[in-house]
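Structure first, commentary second.
What you are looking at is a predicted structure, and each value in this text was computed from that prediction instead of being measured. The first residue of the sequence shown is numbered 1, and numbering continues consecutively from there.
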Amino acid sequence: MEKDQGDFYLENWEEDMKDWLLDPQTFQLDEQEFRVDFLDTTEAFIVEIETETICPDELIMMKKDNTLIISIKMKNELKARCRTIHFPFCLTHRRITYTFEHHTIEVKIQKKESSSPSSLVIRVQGL
């Protein structure tokens, strides 16, 4: 029996997340930059960013091929904090949305591709 594309992505996602969680640099980046957690729902992959210990002023998300770069500019810092997340699929035709509430930024990457490319950069000021 042949596996479909979704099964391939899910297996790669699970393997990548296992590697991510076991990487000592991930813990270090959680402490130095900002904490990132991952969830998987039926419709989307979710990246959760905890903001309870930081004061975000601006959120910038850039996607390039299979990479999502998340930058957060703080209210009292000159340099933005940044995390880079690699996915086992191209993000060009994936819709990315966000919500911000209760000290958490939730970034949703839709599993279903859209017929046209979505925005490569999302910039939100005044969080």
Subject >> Minimal non-hydrogen separation, K75 against P56, with atom names >> reply: CE-O, 3.4 Å
Original post:
Does F100 reach the side chain of T51, with side-chain heavy atoms less than 4.5 Å apart?
Top reply: yes
Original post:
CZ/F89 to CD1/I109 distance, rounded to the nearest 0.5 angstrom?
Top reply: 7.0 Å
Original post:
Can you name the residues that form a side-chain hydrogen bond (donor to acceptor under 3.5 Å, both in side chains) with E50, not counting sequence neighbours?
Top reply: R35
**OP:** Check side chain to side chain contact (heavy atoms under 4.5 Å, CB included) between T104 and all other residues, then give those that pass, not counting sequence neighbours.
**Re:** E48
Original post:
CD1 of I105 to CD1 of I49: how many Å apart, nearest 0.5 Å?
Top reply: 5.0 Å
**OP:** Output the distance between atom CZ (F34) and atom CD1 (I72), rounded to the nearest 0.5 Å.
**Re:** 4.0 Å
Subject >> Counterpart residues, side chain to side chain contact (heavy atoms under 4.5 Å, CB included), relative to T67 (two or more places apart) >> reply: I69, T84, H86
**OP:** Hey, could you give me the CZ/CD1 distance between R81 and I70, rounded to the nearest 0.5 Å?
**Re:** 14.5 Å
**OP:** Consider only side-chain heavy atoms of I, L, V, M, F, W and Y, link residues closer than 4.5 Å, and tell whether F38 and I96 are in one cluster.
**Re:** yes
Subject >> Residues in side chain to side chain contact (heavy atoms under 4.5 Å, CB included) contact with K79, at least two apart in sequence or another chain >> reply: none
Which atom pairs, donor and acceptor, lie under 3.5 Å between side-chain atoms of residues 58-66 and protein residues at least two apart or in another chain?
residue : atom : partner : partner atom : Å
E58     : OE2  : R123    : NE           : 2.4
E58     : OE2  : R123    : NH2          : 3.2
E58     : OE2  : Q125    : NE2          : 3.1
K63     : NZ   : L91     : O            : 3.0
K63     : NZ   : R94     : O            : 2.6
K63     : NZ   : S118    : OG           : 2.2
N66     : ND2  : F87     : O            : 2.9

**OP:** With sequence neighbours left out, write down each residue that passes side chain to side chain contact (heavy atoms under 4.5 Å, CB included) with Q110, or none if nothing qualifies.
**Re:** E43, A44, R95, K108
